[in-house]
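These notes are about the structure you will find just below.
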There are 2 protein chains.
Amino acid sequence: MHEHFMILKRHNLKVTPKRLAILEILSTNQCLMTPEVVWKNLKVKMKKIGLPTVYRNLEELSKNGIISKVFHPDRKLYYYFCKSLQHHHHFVCLSCQRVEEINFCNIEEIQRSIEDKLNSKVLSHIIQLNGLCSNCLAKKSERSLKDL
Amino acid sequence: MHEHFMILKRHNLKVTPKRLAILEILSTNQCLMTPEVVWKNLKVKMKKIGLPTVYRNLEELSKNGIISKVFHPDRKLYYYFCKSLQHHHHFVCLSCQRVEEINFCNIEEIQRSIEDKLNSKVLSHIIQLNGLCSNCLAKKSERSLKDL
DNA sequence: TAGATAAATGGAAATGATTTCTATTTATCA
DNA sequence: TGATAAATAGAAATCATTTCCATTTATCTA
Ligand SMILES: [Zn+2]
Ligand SMILES: [Zn+2]
Ligand SMILES: [Zn+2]
Ligand SMILES: [Zn+2]
């Protein structure tokens, strides 16, 4: 997509087929994806694509704010291409990795009070809801819901 | 400390010297600690203590809600012995790992709105502020503050 | 449009945190 | 005090992620 071309240009990143393919895959999935999953998807279309390349690019894209790195209880790396350009947070389905963007953040008021009270500097914050999306919720019985 | 003895009993966990020592170390440090750091501290006092034992116990204690597992941008495992028994969140110093407890959480209102809007089930949440504590802030020059 | 050049890539190998395995030890409880 | 299940040590395995380096490629300029 030409849009991805422009995104890379805007950030002074070389426009390579690999990068475009990575952006393509991420942007068409409303899911968290690990580098390995991205890689497996890429291999369907491209003969040669190395896993380290995927790792490197995901990190690079994330550093440039093009995609976001998301915290997950399993501590693996997950990336997500956010539709919203504004500051926001995520609801992550623990079962299927689906992501919904939450356009809510009241961090500023907490932050100010923390900085005043503790005389410290807040540099970043994490707000994330984990749970089951509507699809997965429908599939689960009450029983299996308990051992999550 | 007898208090730790009681904590283990209450959770039906065998009271072993290793567990008591782990709780002792965590509770006297207002810092996030990795399993390895806990282990190195333990080795000063105990001749024999295996790293896997530390990992297992920290996880066990965490599962029982006795200590908490904290998210960190570096994705390593960190644990913390919370003073507060009520639900709360953390301010974590990215430089020295010091932790301050934040007795603020407005998740319920977000949660309700998310569950209604997305027809989903919220199972857990992460709210965490990362930054520099007052000590570390004082040490940093403006310049070095930028590349954090 | 053809080099020059710095950046990107692939593949193999290294790393390093975390987990597993198993034989031995230990806490608990009757 | 002895039975029993749980905890432990130490070594080894696992596995996600990173590093290394030789080769390729995108970009820029003449
Ligand atoms: Zn789902
Ligand atoms: Zn926010
Ligand atoms: Zn600090
Ligand atoms: Zn909360």
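Any value given below was found using the heavy atoms of this structure, including those in side chains, with hydrogens, waters and symmetry copies removed. Keep in mind that what you see is a predicted model, and the values were worked out from it rather than measured. Residue numbers start from 1 in every chain, and the chains themselves are labelled A, B, ... in the order their sequence lines are given, proteins ahead of strands.
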A:Gln97 side-chain N/O to A:Met33 backbone N/O, donor-acceptor pair under 3.5 Å: no
A:Lys43: partners by side chain to side chain contact (heavy atoms under 4.5 Å, CB included), with sequence neighbours left out: A:Trp39, A:Ile49
Span of DNA chain C, from the first to the last nucleotide whose atoms fall under 4.0 Å of chain A heavy atoms: C:dA6 to C:dT18
Minimal non-hydrogen separation, A:Ser120 against B:Ser134, with atom names: CB-N, 4.1 Å
Base-contact (B) and sugar-phosphate-only (S) positions in nucleotides 7-19 of chain D, heavy-atom cut-off under 4.0 Å, - elsewhere: SBBBB----SBBB
Derivation and outcome, side chain to side chain donor-acceptor pair (under 3.5 Å), residues A:Gln30 and A:Tyr80: CA-CA 8 Å; A:Gln30 203 182 347; A:Tyr80 178 70; 4.5 Å; no
Note, B:Phe81 side chain near B:Leu61 side chain (heavy atom, < 4.5 Å): no
Student check: side-chain heavy atoms of A:Lys45 and A:Ile25 closer than 4.5 Å: yes
Within the 6.0 Å centroid threshold, strictly below: B:His125 and B:His89: yes
